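These figures come from a predicted structure and were not determined experimentally. Per chain, numbering begins at 1; letters A, B, ... match sequence-line order.
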Amino acid sequence: MRVLRQIHAHVLTRLLPISALSFVLSKIAAFCSLSPLGDISYARRVFSRIPYQNIFCWNAMIRGCSQVDNPSKESIFLFKKLNERGCPGLNSFTLAFVLKACSIVSALEEGRQVHSRVFRSGFGSSPFVQTALVNMYAKCEEVWLAQLVFDEITERNLIAWSTMIGGYSRAGLVDETFELFRGMQMAGVEPDQVTMVSVVSACTFAGSLDMGRWVHAYMEKQMIDIDLELGTALVNMYAKCGCIKKAKAIFDNLSVKDAKAWSSMIVGLAIHGLYEEALKHFAMMEADKVIPDHLTFIGILSACGHSGLVSEGRRFWSHMIESGIKPSTEHYVCMIDLLCRAGLVVEACTLVKNMTISPNPVIWRTILVGCKKNGMLAKGELIAEWLLELEPLNAENYTLLSSFYASVSQWEKMSLVRMKMKEKRIKLIPACSSIEIYGFVHEFKMGDWSHPETNEMREVIGDISVRIRETGYKSSITEVLHRVVDEEKENALGEHSERLAVAYGLWKTKAPAVIRVVNNLRICGDCHEVMKIVSKIYEREIIVRDRFRFHKFVNGSCTCKDYW
DNA sequence: GGAACGATCC
């Protein structure tokens, strides 16, 4: 920039013809807005003083004013200004750049307007504009519109396929992601690292280790190099799919590791209950001179919270603030959770009071869970009131509140919550567990006997209940109630979806195969106990991924040490 | 001078 400023000054002292001056200034503006070494505010100043602003510098400004690391609507305003001037010289670059800007700030309405401009402009057949449109709709969470545009593309190149696959993957539409990935292969277009990142992420979302392994093997066969981004996606996939060893192996093999890669590894270790390892990795990261960012701290704080490391948590909190990272809601959630789990609910509430940003529903839910664990009825009720005011239609809140009342034996209040739900026509999220057997995903809902092998499964379930009762186990009734709407289901506990899935796994596979179950909700306390016993009496390793983390049951105990 | 990718709390 220093050299550029000198050139700029030099240019201004010369009496250049207007056209030459415009040309030089537009080059300077373009450099300032586009180069990583540039300076966007300098670009703005230069741009505003160009006598003849050609389309080249307009494009550069539109592109430079909204970057992924600096989202802003300025590019869209610039485009509007250009529109007011009748768009002299508008080209496919302009349209692609402004669409990219719309995708960065999720500006659907403006994006649609640009889309109609594309129609009129005659640049609709530019592959750059088409892909930018697909990307814009996908980033605005309108994947179906993105698909419509994608369908219209006659010659789909690698980028177009990748964009669409990425759109589905980000939306968590796993089947669609894979269908498109197959379509791409059928069309004879070779996927690259960027494509594979999206496909790997879809496996992470599905929690499907078999799928992930298949994709990894495919990459090896196709000799697709594992770069930093793809490596991070793989580390994340293996960790979230329950194979922390493999995640670690891939992580260790990365030649360059940035904050994202380290964070991914740290969070992975933490959700597997390997807290010491997580903390060790944090220290290794700092020793490696990689600066932890706000997400790394979320990972390490939650690791401390889940393992009851209160003083370490406080230390990391101060460390974070000293590093100049302003705590976000997520950081507060980790810290509040950490304090609540340690029984320090009052201190957690003080922290909420002193928050500089307004607390969101997650904060209130965390405190409410804390009140539940510590039997604080009055405080919990107060929190619940705020929570329901803030989010009156979220089923999760009602489930939590009703389990809260159940835990303090307030049955009448609990049924009032149920009634309120019925009034507001709020439906519970049905508990659902899945297990993968020989590449097939079997899904079970609570009390669901629709599986074709249901009779055989009943026998296994029966066998489990007999054998665990022999060990002296008794089920806890409060756990039944908060998941069941109709209390008439007395045996509902034995039919929790995770138990059905585990029973199926026990029956279909033999030791030493690990039974891996994915839950959409948090595992209940009673099932947690049962899994421990089953792992011992059946001598099987069981890994359950619930909404938040992993539980690995081996020989009667769980890696979470019952602290979750 | 262009379009696609990785880590986020309860």
Chemist: Within the structure shown, what part of the strands sits under 4.0 Å from A:Val369 by heavy-atom distance: base, sugar-phosphate, or nothing?
Modeler: nothing
Chemist: After noting the C-alpha distance and the side-chain angles of A:Phe316 and A:Phe282, does the key distance pass the ring pair (Phe, Tyr, Trp, His ring centres under 6.0 Å) rule?
Modeler: CA-CA 10 Å; A:Phe316 281 117; A:Phe282 188 91; 4.9 Å; yes
Chemist: Please check if atom CD in A:Glu152 has more than 12 non-hydrogen atoms from other residues, nucleotides or ligands closer than 6.0 Å.
Modeler: no
Chemist: Within the structure shown, what part of the strands sits under 4.0 Å from A:Lys240 by heavy-atom distance: base, sugar-phosphate, or nothing?
Modeler: sugar-phosphate
Chemist: For a quick check of understanding: with a heavy-atom distance under 4.0 Å over all strands, which category does A:Ser169 fall into, base, sugar-phosphate or nothing?
Modeler: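 No contact.
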Chemist: Using only heavy-atom distances, determine whether the side chains of A:Asn135 and A:Thr163 contain a donor-acceptor pair under 3.5 Å.
Modeler: no
Chemist: Could you pull out the closest heavy-atom pair between A:Phe150 and A:Ala160, with the gap in Å?
Modeler: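 It is CE1-O, 3.5 Å.
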Chemist: Students often get this wrong, so: under 4.0 angstrom with heavy atoms, is A:Arg63 touching a base, only sugar-phosphate, or nothing?
Modeler: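 Sugar-phosphate only.
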Chemist: Counting the atoms with a prime plus P, OP1 and OP2 as sugar-phosphate, which does A:Arg156 contact under 4.0 Å by heavy atoms, base, sugar-phosphate, or nothing?
Modeler: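 The residue A:Arg156 makes no contact with any strand.
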Chemist: Assign A:Lys139 to base, sugar-phosphate, or nothing according to its heavy-atom contacts below 4.0 angstrom with the strands shown.
Modeler: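 Sugar-phosphate, no base atom in range.
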Chemist: Using a cut-off of 4.0 Å on non-hydrogen atoms, how would the nucleic acid contact of A:Thr232 be classed: base, sugar-phosphate, or nothing?
Modeler: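 Touches a base.
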Chemist: Taking atom CD as the centre, does A:Glu286 end up with more than 12 heavy-atom neighbours from other residues, nucleotides or ligands that are less than 6.0 angstrom away?
Modeler: yes
Chemist: Short question: side chain of A:His281, backbone of A:Ala278 - any donor-acceptor pair under 3.5 Å?
Modeler: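 Side chain of A:His281 to backbone of A:Ala278: no pair is present.
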Chemist: What is the 5' to 3' range of DNA chain B, first to last nucleotide, that sits under 4.0 Å from any heavy atom of chain A?
Modeler: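 For DNA chain B, the relevant span reads B:dG1 to B:dC10.
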Chemist: Over all strands shown, is A:Leu230 touching base, sugar-phosphate only, or nothing at heavy-atom distances under 4.0 angstrom?
Modeler: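 If one applies the 4.0 Å heavy-atom cut-off, A:Leu230 turns out to touch nothing in the nucleic acid.
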Chemist: Taking the six-membered ring of A:Phe56 (Phe, Tyr or Trp), confirm whether the NZ or CZ of A:Lys27 is under 6.0 Å from its centre and within 45° of its axis.
Modeler: yes
Chemist: Would you mind classifying the nucleic acid contact of A:Asp192 as base, sugar-phosphate or nothing, using non-hydrogen atoms under 4.0 angstrom?
Modeler: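 Here A:Asp192 touches the bases of the nucleic acid.
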Chemist: Describe the nucleic acid contact of A:Asn59 in one word from base, sugar-phosphate, nothing, applying a heavy-atom distance below 4.0 Å.
Modeler: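 Answer is base: heavy atoms of A:Asn59 come under 4.0 Å of a base.
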Chemist: Once you apply a heavy-atom cut-off of 4.0 Å, does A:Pro127 come out as touching a base, just sugar-phosphate, or nothing?
Modeler: base
